[in-house]
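Have a look at the structure below before the remarks.
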Amino acid sequence: MMNERENLEIEAILDRSVDGLFLLILDQHHRHVAELELTVAQAQALRLLRGGPVSTSKLALLLGISPPAVSQLTDRLVRKRLIERRVAERDRRSITVELSEKGRRVVEGFRVRRKAIFGDVLLRLAAEDRAEVIEALDRIGRVLQPGATGTGDEKPERARVRLQRARRRTAVPAPITSKIGEEVQTVAPKPKRMRIEWD
């Protein structure tokens with residue numbers, strides 16, 4: 001069982017790596033969106049439509065915007081020829097939107113760019129470290145799949161060795177301490193929250 005210091009070290013490693021990757025991807029995502037002359041909401045709508053046609057009312061719900069706002073958003077995407085509108089077959093009052101061929105190419109461009117960013121980061125690692133990171137990312141990807149559960153198949157000793165290797169390669173900041181009255185407490189830095197608008 002890990003002690004409090006080990007837990008703090010793991011939190012620090014996760015904060016540094018996850019925040020670093022998120023900020024890198026977020027920066028590149030915003031640049032790509034700007035190059036395509038899209039708003040972040042329009043890019044998010046395109047991403048949501050990647051899975052197939054969606055009614056405008058559902059799209060408004062998924063984006064967290066009002067029906068009039070989603071109507072304006074889809075109007076602009078239709079004018080840019082990134083989506084197409086269709087009248088629903090079962091309910092003529094319902095409108096669905098779906099990606100056009102051009103829209104599919106734009107969404108694929110986001111995926112390709114994201115892959116290139118990760119590839120560049122991985123190439124900065126030594127070959128052995130890169131193989132370990134790819135293996136770890138594969139495991140994380142598998143447990144993040146819908147319906148997947150963690151198997152817990154890694155032996156505690158192997159997990160401990162992996163943690164020790166990570167510690168040797170990564171400088172970990174000292175825990176923050178605060179003195180309240182006579183009691184000294186070790187406090188973990190507050191986690192940063194970030195809304196990510198891509199998959």
Side-chain angles (χ1 to χ4, degrees), residues 11-88 94-126 129-130 133-134 136-146 170-171 173 189-199:
E11 285 179 22
I13 290 168
L14 289 173
D15 280 347
R16 189 165 46 257
S17 58
V18 171
D19 283 355
L21 284 171
F22 278 179
L23 290 173
L24 176 64
I25 293 171
L26 188 63
D27 177 59
Q28 290 295 321
H29 179 74
H30 282 203
R31 286 186 193 188
H32 196 187
V33 165
E35 287 167 13
L36 295 168
E37 298 181 347
L38 295 171
T39 66
V40 173
Q42 288 170 353
Q44 177 74 344
L46 294 176
R47 186 196 68 79
L48 290 169
L49 291 172
R50 190 183 68 171
V54 174
S55 70
T56 51
S57 57
K58 184 174 181 183
L59 185 61
L61 188 65
L62 292 170
L63 291 170
I65 60 178
S66 67
V70 87
S71 180
Q72 289 180 356
L73 182 146
T74 54
D75 282 346
R76 291 186 178 111
L77 291 174
V78 166
R79 281 199 298 271
K80 292 178 182 183
R81 299 184 179 169
L82 296 173
I83 66 169
E84 297 169 351
R85 281 198 186 98
R86 302 234 189 273
V87 176
S94 178
I95 303 293
T96 62
V97 287
E98 61 184 301
L99 290 175
S100 65
E101 187 56 43
K102 182 180 176 183
R104 277 190 278 278
R105 287 197 304 270
V106 166
V107 171
E108 178 63 12
F110 282 116
R111 192 189 68 78
V112 168
R113 192 154 176 163
R114 186 181 61 221
K115 184 179 173 184
I117 293 165
F118 272 106
D120 180 59
V121 171
L122 289 171
L123 286 174
R124 298 182 204 174
L125 299 173
D129 292 341
R130 186 164 53 245
V133 169
I134 290 169
L137 287 172
D138 181 48
R139 289 180 182 217
I140 290 169
R142 276 187 264 143
V143 299
L144 289 176
Q145 293 299 311
T170 314
K190 289 185 180 179
K192 297 176 185 172
R193 296 183 185 271
M194 184 180 297
R195 182 178 176 184
I196 303 301
E197 297 184 338
W198 65 87
D199 53 37

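All values below were derived from every heavy atom in this structure, side-chain atoms included, with hydrogens, water molecules and symmetry-related copies excluded.
- Contact detail for Ser100 and Arg81: the closest heavy-atom pair is OG-O, 2.6 Å.
- Identified under the salt bridge (charged side-chain N to carboxylate O under 4.0 Å, His left out) test for residues 55-75, with sequence neighbours left out: Asp75-Arg85.
- Within the model, atoms CD of Glu101 and CD of Glu84 stand 9.5 Å from one another, a figure rounded to the nearest 0.5 Å.
- A distance-only check finds no donor-acceptor pair linking the side chain of Thr96 to the backbone of Val54 [under 3.5 Å].
- Leu82 is not listed as a side-chain neighbour of Leu49, based on a closest heavy-atom distance of 4.5 Å or more.
- If you take CG on Leu63 and CG on Leu59, they are separated by 4.5 Å, rounding to the nearest 0.5 Å.
- Applying the salt bridge (charged side-chain N to carboxylate O under 4.0 Å, His left out) rule to pairs touching residues 24-39 yields Asp27-Arg31, Glu35-Arg113, sequence neighbours excluded.
- Qualifying salt bridge (Lys or Arg N to Asp or Glu O under 4.0 Å) partners for Arg130, counting only residues two or more places apart in sequence or in other chains: none.
- Of the inter-residue distances, the one linking Arg76 atom CZ with Ile83 atom CD1 reads 12.0 Å to the nearest 0.5 angstrom.
- Rounded to the nearest 0.5 Å, atoms CZ (Arg139) and CG (Leu144) are 14.0 Å apart.
- Under the 3.5 Å distance criterion, the side-chain polar atoms of Arg104 are matched with a main-chain donor or acceptor of Leu99.
- A donor-acceptor pair is defined here as one N or O able to donate and one able to accept, closer than 3.5 Å; no such pair exists between the side chain of Ser71 and the backbone of Pro67.
- Distance CD/Gln44 to CG/Leu73: 10.5 Å, rounded to 0.5 Å.
- Comment: Glu108 does not engage Arg105 in a salt bridge, judged by the lack of any side-chain N to carboxylate O separation of less than 4.0 angstrom.
- The closest donor-acceptor contact from the side chain of Gln145 to the backbone of Arg142 lies at 3.5 Å or more, if one exists at all.
- In this structure, the side chains of Leu36 and Phe110 come closer than 4.5 Å at one or more pairs of heavy atoms.
- The shortest heavy-atom contact between Val40 and Val33 is N-CG1, 4.1 Å.
- Taking CG of Leu122 as the reference point, atom CG of Leu125 lies at 6.0 Å (rounded to 0.5 Å).
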Legend entry - Derivation of the side-chain contact (heavy atoms from CB on, under 4.5 Å) call for Leu77 and Leu46: CA-CA 9 Å; Leu77 291 174; Leu46 294 176; 4.3 Å; yes

